[in-house]
Every structure is written in structure tokens, then in C-alpha cells.
Amino acid sequence: MAGKDGLNPEQRLGVETTRGPVLVLAGAGTGKTHVLTRRIARILDSGVPAQSILAVTFTNKAAREMKERIAGLVGKSGSGLWISTFHSLCARILRRDIERLGYKTNFTIYDTSDQLSVLRSTLRDIKVPGTEIGPEKVLWAISQAKANARTAEDLSREQDDGDDAAVVAASAFARYQEALRERNALDFDDLLSLAVRLLAEHEDVRRSYQERFRYCLVDEYQDTNAIQYRLVQLLLNPERNLFVVGDDDQAIYGWRGADSRHILNFGNDFPDTKVIRLEQNYRSTNAILAAANSLIRNNLSRHPKVLWSALGQGDPVICYETPDERGEAEFVIRQIREEQRKEKSPWGRFAVLFRTNNEMRLYEEQLRLFRIPYVLIGGQKFFDKKEVKDLTAYLKALANPQDEVSLLRIVNCPPRGIGKTTLERLDVFAVGAGIPLSEALCRAAEVPGITEKLAERVARFGALLTRYRERVQRPGLAGAMRDLLTEIDYAAELARQYPEEAQVQARANTVAEFVADLGAFDARNPQGGIDAYLQAAALLDEEREDEKEGPATDQVTLITIHSAKGLEFPRVFVCGMEEGLIPHKRSIAEEDDRTIEEERRLCYVAWTRAREKLTLTYPGVRTRWGRTDNALPSRFLKEAGDKVRLEAAPKPGPATQEVAADYFAKLQGLFGGGAGGAAGGGAGAGGTRRP
């Protein structure tokens with residue numbers, strides 16, 4: 001039971017144990033953020049300066065929540081705290097000392113499209129017999145190597161000749177890194193790997209941070225990869241006041257490099273560790289927790305925990321078998337509709353979880369059928385939109401004259417008639433003169449083979465960049481961007497690219513939103529700082545400020561299980577509880593206990609998103625690629641034992657059938673019999689897509 005301070009005994013122990021290594025095993029919904037923030041407040045209250053405390057987590061949303069909670073507890077005394085994501089922490093470290101590694105402090109952080117652009121150029125110079133691998137696979141192999149703290153030399157030495165992507169990556173890795181260095185650019189993985197290299201190779205830098213941070217706290221420790229693990233070790237000082245919070249039962253990111261062994265072996269790293277288990281769940285009913293407990297105890301590699309709740313037993317967990325996948329979607333959406341009508345509850349109470357995005361289409365169809373508002377998590381992110389990438393490239397090129405990737409993106413945006421041959425001649429001149437390509441633009445008249453008229457055109461573009469390079473170093477990024485947009489007539493470029501007025505207006509709205517984002521940054525940072533803005537934009541893990549808390553509007557949520565981690569909903573449906581989906585066919589084919597255990601953890605995460613009621617479903621048969629096969633119920637249902645009740649889904653009543661028939665009749669009248677397309681997939685009327 002919670003005391004007057006709002007803490008139960010285990011939570012209080014986590015808050016009050018402030019010295020030495022501490023491992024808090026925080027089960028789903030047990031209040032780990034509450035413990036983390038109260039512990040920081042206690043350390044501050046003991047007289048420790050805020051700048052001596054480092055707290056690291058994985059998302060900007062989690063970091064914001066921690067800052068807000070601590071501000072509510074201690075006020076201004078917490079203003080000097082270092083609370084950030086791993087990437088933001090490393091970017092901050094590198095901005096100060098990256099010159100030790102041969103880079104300049106105004107480095108650019110490249111996103112995936114920028115990385116692929118550099119890599120394509122690199123791959124053109126590499127010829128590996130018998131391989132035809134796309135740059136995306138090579139980039140993934142390089143990224144995984146960096147996440148696992150492996151160098152280009154390691155990759156060459158360890159490559160598997162049967163893995164073409166690894167073979168090409170081994171050849172490309174060093175050249176790709178050199179190409180980034182030439183552009184004074186880092187990718188996301190470099191933020192971590194170069195920070196670790198800086199701390200490892202330069203003792204004075206390492207000691208300065210070790211002396212500064214007397215207390216280190218790490219959230220979601222089960223999700224750390226090899227390079228993040230190494231970073232924590234390097235920052236730790238002899239006092240070893242390391243406090244990690246996590247749940248090995250929710251370790252679901254092994255496919256992208258996370259290693260749950262870090263939390264499982266924490267006691268081996270620090271033999272005097274104090275282990276605290278948080279098992280009282282404040283989210284779910286005991287019926288949901290009993291099913292989840294029965295499932296996850298089948299994993300052998302875990303710290304034992306048994307979740308319980310004071311919220312009562314609640315409704316039983318039932319798994320329904322439906323005739324096929326279409327019947328499954330019809331059943332789930334019918335249940336949502338009937339419960340919403342009966343309880344007069346908001347649509348936002350309901351969430352439908354899937355193992356993959358491909359399962360969602362039929363559910364969208366059914367939601368449209370009954371005119372139910374919904375949000376599908378997985379749309380295009382704001383900073384991935386073409387207009388935003390164009391304008392961000394302008395800012396990157398202005399901030400970093402060596403950033404040729406960004407320069408080449410904007411050189412003909414809008415079109416300036418500067419062709420490939422001209423750019424090649426400019427590049428040869430720049431290399432020969434030992435200057436950046438951006439400087440060569442201004443000296444186009446000196447470049448052999450470029451006519452006087454063309455040289456004037458190129459030089460005008462170079463002069464534009466020079467003028468605005470000075471502007472963006474002063475306060476007022478939004479004003480500079482508005483003037484730039486006017487000068488290059490970007491509105492005319494939108495009209496040229498998109499034939500329909502609605503498309504032009506939508507793109508113009510995106511541009512206006514981008515300028516507004518710059519204005520908001522100006523208000524928060526009156527002294528300016530283009531480097532700070534670009535870093536914040538690059539590290540942003542949410543689309544927009546008004547969507548930072550996830551699906552908060554009154555819509556049914558369709559979401560993958562991976563995306564749902566960290567969220568909770570009163571009413572949850574987990575669909576596709578069948579072999580081949582949960583667990584996924586890839587993990588079954590690998591016949592590896594570790595991959596099956598991660599699939600089991602993924603299922604556990606899905607079930608524990610539910611607060612009040614959890615329903616599971618699977619189809620009796622499923623059609624893929626024109627072939628219909630029997631669908632076997634997931635092994636995880638059997639493992640949950642009698643905590644999950646198996647039933648056949650009831651057939652729809654006549655009222656539901658009449659609604660469907662009436663709806664399709666209206667569609668046939670409107671579209672001349674073409675109802676199938678109108679009711680199909682995509683996010684049309686009634687639905688929105690969000691990341």
C-alpha cells in the first residue's frame with residue numbers, strides 16, 4: 001500500500017537508496033518514472049548540485065516528462081540537471097570536444113536520406129563481384145556494426161561470405177565514414193560511437209565528465225545496445241552511483257541492436273548491486289495481469305517478477321476464433337461499436353494492436369463502413385516531408401559550408417539550370433583549389449569550361465548562400481527563412497511541381513508550419529543558434545508538438561505492438577494471435593530460443609497495454625498471396641493456460657448486417673457499382689495517419 005508520500009514500500013526503497021549501484025526491475029505499469037523523478041528530487045534535497053546529476057532515456061517524450069515532473073517537485077533547483085536521450089547527450093558532448101577527433105564543432109547530423117545519398121556515391125566506387133545489394137541493406141549493416149561497437153576493421157575481419165550485405169558493408173564502411181568526415185557530417189550512430197571514442201581516447205575529457213556526474217540514472221536499461229552500454233561505463237566515476245530502471249520482460253528491440261543481457265547481467269557487472277522489484281501494477285486489472293504473468297514465466301532468461309494490482313479482478317481475458325481474417329476485422333469493429341453505444345464512451349478508449357502494419361487494412365475498411373473515427377499510427381513524419389527536407393537542407397548548407405549533400409539537394413530547388421556537367425566541373429575545381437564546393441560557386445568565373453552567362457547564374461546562387469549564411473548566425477531564423485522563401489520564389493516552385501490546387505495548398509501549409517516551428521524556436525532561444533535548431537530537429541522523435549503525447553483525440557487507435565510500447569488504453573484488442581504472426585514466422589524459422597523469447601515479450605507488452613479489458617482474436621483460416629491456409633492458434637495462448645478463455649466468435653446480428661447492406665447499396669449508387677475500392681485501404685474520410 002502507498003504511504004503518505006504516494007510511494008509503496010518497494011518504490012520508497014528505490015527512492016531512498018541513493019548510493020552505489022541499484023537495479024530497479026520495474027514491471028509494466030508499476031510507476032518507474034515516479035520512482036526515477038522522486039529519487040532525483042531526493043538527491044537534490046540532500047544538497048547535491050543539479051549539474052552533478054545525469055539522467056538518460058530513449059525518447060524526447062520520456063525526457064520531457066521527466067523534466068516536467070522534476071520541475072513540479074523541486075522547482076528551479078532542478079534547472080541544471082542533464083536529462084536527455086542518449087543521442088542528445090552525445091551530441092552535446094561532441095559539440096564541445098569533437099575537434100579532438102578531427103571534426104569541426106558545427107558538424108551536420110545526417111538523416112537516413114542524407115546517409116543514403118552519401119552511401120550511393122560511395123558504392124559507385126566499390127565493385128564486389130557477384131553482389132547486387134541496395135544501399136538500404138548496406139546502410140543497415142553498417143548501422144548494426146556501429147550499434148554493436150564494431151569498427152570498419154572489425155566488419156572486414158568478421159564478415160560472413162554468405163551475407164552479401166555484410167560483404168559490401170565491409171568494403172564500404174571506411175569509405176562511407178571518410179565521405180561523412182569530408183562533409184563534416186555525422187549520422188545518428190556516429191553520435192554515440194564518436195562520443196564513446198572521444199571519452200575512451202581522451203582521458204582528460206573522460207575525467208571531466210566523471211567528476212561532473214556524481215549520480216547517473218538510466219531509464220529503460222533493457223533497451224541499451226553495446227555502444228550505449230559502453231557509454232554508461234565510461235561516464236561512471238569511482239563512486240559508482242549508477243541507478244538503472246528497466247524490465248527485461250519488455251525487451252523487444254533486439255532486432256535493432258538492443259541487448260537484454262545488459263540488464264540480466266547487471267549483478268555480474270556490479271556484484272554489490274541492490275536489486276529492487278516493483279511488482280504492484282497501477283494500470284491493469286488482475287485478470288489481465290494473471291494472463292500476462294502466466295505467459296511471460298515461460299521465458300527462461302528473465303528476472304522473476306509477478307505483477308499484481310489493487311484494481312480488482314476485472315473482466316476475463318477471452319480469445320475469439322473467427323472464420324477468417326475478414327471475419328476477425330468485422331468482429332472486432334462490431335465489438336467496439338456495440339460497447340461504445342452501450343457505455344456511451346469515447347472512441348479514444350479503444351485500441352487495436354497488430355504484429356505488422358499489413359494486417360490493418362481490413363480494420364480500416366470496417367471502421368469506414370460504420371463511420372467510426374480512427375487514427376492509424378504509421379503515417380509520414382513531418383520532417384520526412386519533401387518541403388521540410390528541402391528547407392532543412394537550405395539551413396544545413398548555410399550552417400555547414402562543407403555539407404555537400406545538402407548543397408546538391410538545393411542547388412536546383414527551385415531550378416536554376418545548373419546541370420550535372422557544371423557541378424562536376426565545379427567539384428573538380430574545388431578539389432584542386434582545396435576549398436568547399438560552396439566556395440567554388442562564388443568563383444565560378446574561374447572554372448574552366450563554364451560559360452560567362454552560366455558562371456553568373458552559379459555565382460548568384462553562391463552569393464545568395466553567402467548572404468543568408470550570415471543571416472542565420474544572428475537571432476531570427478523564422479524571419480531569415482521567410483525572406484529566403486520570397487527571394488527564391490518557393491511558392492512558384494510548389495505551383496510548378498503540383499498540378500492540383502489542393503496539393504499546392506497542402507504543401508504551402510507544410511511550409512508555413514515549418515516557418516512557425518522556426519518562430520517557436522526563436523521565442524525559446526532569443527540569442528539564436530542555427531546549430532541548436534538543426535540538432536533539435538535531427539534528434540526529434542515525434543512529429544509535432546501538438547501530437548507529442550500520442551493518440552489523444554477521440555478516435556479508435558490502430559497501432560503495431562512495437563509502436564504501442566509505453567502507451568496504455570482502457571480497452572484493447574490484440575489481433576492475429578496465431579502462429580506466424582505472434583510469434584512471427586521469422587522467429588519460428590530461426591529455431592532460436594532467444595528470438596522466440598523476444599516474441600513472447602512482445603506479446604506480453606501487447607497484453608499489458610490494457611487497463612480495463614483485454615480481448616484477443618485470431619482467424620480460423622487466412623489468405624495470403626491468393627492461397628488460403630488454416631491458421632494455428634498461437635502457442636502463447638496455450639502457455640497462458642486457463643487465464644485466457646478460448647471461444648468462437650458470435651456471428652453478427654441482423655441489425656449489423658442491415659447496416660452493412662445499406663452502406664454498400666449507397667456506395668453502389670454513388671460510384672456505379674465500384675464500392676469495393678471506396679471501402680478499401682488507405683487513410684481516407686474518417687481516418688488519419690500519424691507516426
Side-chain angles (χ1 to χ4, degrees), residues 95 103-121 179-187 383-420 422-424 426-427 429-431 433-444 447 457-474 476-490 493 511 514-515 517-518 521 528-539:
R95 287 289 180 199
Y103 292 79
K104 296 179 181 179
T105 55
N106 67 335
F107 60 82
T108 301
I109 302 171
Y110 277 0
D111 62 15
T112 302
S113 64
D114 295 331
Q115 292 172 255
L116 288 171
S117 178
V118 174
L119 189 57
R120 287 189 186 98
S121 176
L180 289 177
R181 182 193 289 272
E182 289 171 356
R183 294 160 173 80
N184 194 36
L186 278 60
D187 62 25
F383 282 95
D384 285 342
K385 294 181 179 179
K386 181 184 181 301
E387 297 73 36
V388 176
K389 293 183 79 66
D390 286 344
L391 302 185
T392 301
Y394 265 99
L395 292 180
K396 288 180 178 180
L398 295 173
N400 178 8
Q402 292 175 271
D403 184 356
E404 294 184 5
V405 169
S406 296
L407 180 63
L408 292 174
R409 182 181 180 104
I410 64 172
V411 68
N412 282 303
C413 176
R416 297 182 174 91
I418 304 175
K420 181 179 178 181
T422 301
L423 289 170
E424 289 174 350
L426 287 165
D427 185 55
F429 176 78
V431 172
I435 59 175
L437 181 60
S438 59
E439 187 176 336
L441 296 175
C442 299
R443 297 171 58 179
V447 179
R457 190 186 310 154
V458 173
R460 279 199 301 271
F461 177 54
L464 173 86
L465 296 180
T466 300
R467 287 200 315 278
Y468 280 92
R469 187 165 289 127
E470 296 173 358
R471 279 280 307 270
V472 298
Q473 298 303 328
R474 304 195 299 267
L477 285 177
M481 178 55 69
R482 277 193 292 268
D483 291 346
L484 176 62
L485 289 168
T486 300
E487 189 162 346
I488 66 175
D489 199 2
Y490 195 71
E493 170 64 2
V511 172
F514 180 76
V515 175
D517 190 56
L518 287 172
F521 176 82
I530 187 171
D531 291 336
Y533 175 80
L534 289 173
Q535 177 171 304
L539 297 174

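Note that the structure is a prediction, hence the values are computed from the model and not measured. Values below: every heavy atom of this structure, side chains too, minus hydrogens, waters and symmetry copies.
Without hydrogens or angle criteria, T422 side chain to I418 main chain gives no donor-acceptor distance under 3.5 Å. Side chain of D114 to main chain of S406: no donor-acceptor pair is present (N/O by atom type, distance under 3.5 Å, no hydrogens or angles). With hydrogens and angles disregarded, no donor-acceptor distance shorter than 3.5 Å links the side chain of S117 to the backbone of S113.
Summarising the geometry of Y490 relative to C413, their closest heavy-atom pair is CE1-SG, 3.9 Å, with the distance given to 0.1 Å. The shortest heavy-atom contact between G417 and N412 is N-OD1, 3.3 Å. Residue A179 comes nearest to V118 through the heavy atom pair CB-CG1, 3.6 Å, listed as atom of the first residue, atom of the second, then distance. Pairing each heavy atom of R416 with each of I410, the nearest pair is NH1-O, 2.8 Å. Here the shortest heavy-atom pairing between A459 and A444 reads N-CB, 4.5 Å. Of all heavy-atom pairs spanning R409 and D390, the tightest one is NE-OD1, 3.0 Å.
In this structure, CG on L395 lies 11.5 Å from CZ on R469, to the nearest 0.5 angstrom. Taking CD of Q402 as the reference point, atom CG of L407 lies at 12.0 Å (rounded to 0.5 Å). Residue K385 holds its NZ atom at 12.5 Å from OG1 of T392, rounded to the nearest 0.5 Å. Rounding to the nearest 0.5 angstrom, the gap separating the NZ atom in K396 from the CD1 atom in I109 is 8.5 Å. Atom OH of residue Y110 and atom CG of residue L116 lie 12.5 Å apart, to the nearest 0.5 angstrom. Atoms OH and CG, from Y103 and L186 in turn, are 5.5 Å apart once rounded to the nearest 0.5 Å.
Between N184 and the options D403, N106, T105, a side chain to side chain donor-acceptor pair (under 3.5 Å) holds for only N106. Checked against L180 for a side-chain contact (heavy atoms from CB on, under 4.5 Å), the options D187, L119, T108, V405 give a single hit: D187.
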Which side-chain N or O atoms in residues 476-485 pair as donor and acceptor under 3.5 Å with protein atoms at least two apart or in another chain?
| from | atom 1 | to | atom 2 | distance (Å) |
| --- | --- | --- | --- | --- |
| D483 | OD2 | R471 | NH1 | 3.1 |
| D483 | OD2 | R471 | NH2 | 3.3 |

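Looking at residues two or more places apart in sequence or on another chain, you find a ring-ring contact (aromatic ring centres under 6.0 Å, His included) between Y533 and F521.
Contact of the F429 side chain with the R443 side chain is registered, since non-hydrogen atoms from C-beta on lie closer than 4.5 Å. Side chains of L398 and L465 form a contact here, defined as non-hydrogen atoms less than 4.5 Å apart.
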**Report entry** Verdict with supporting geometry, N400 and L534, side-chain contact (heavy atoms from CB on, under 4.5 Å)
**Finding:** CA-CA 11 Å; N400 178 8; L534 289 173; over 6 Å; no
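Remark: R183 is not positioned above the aromatic ring of F107, lacking an NZ or CZ atom under 6.0 angstrom from the ring centre and at most 45 degrees off the axis.
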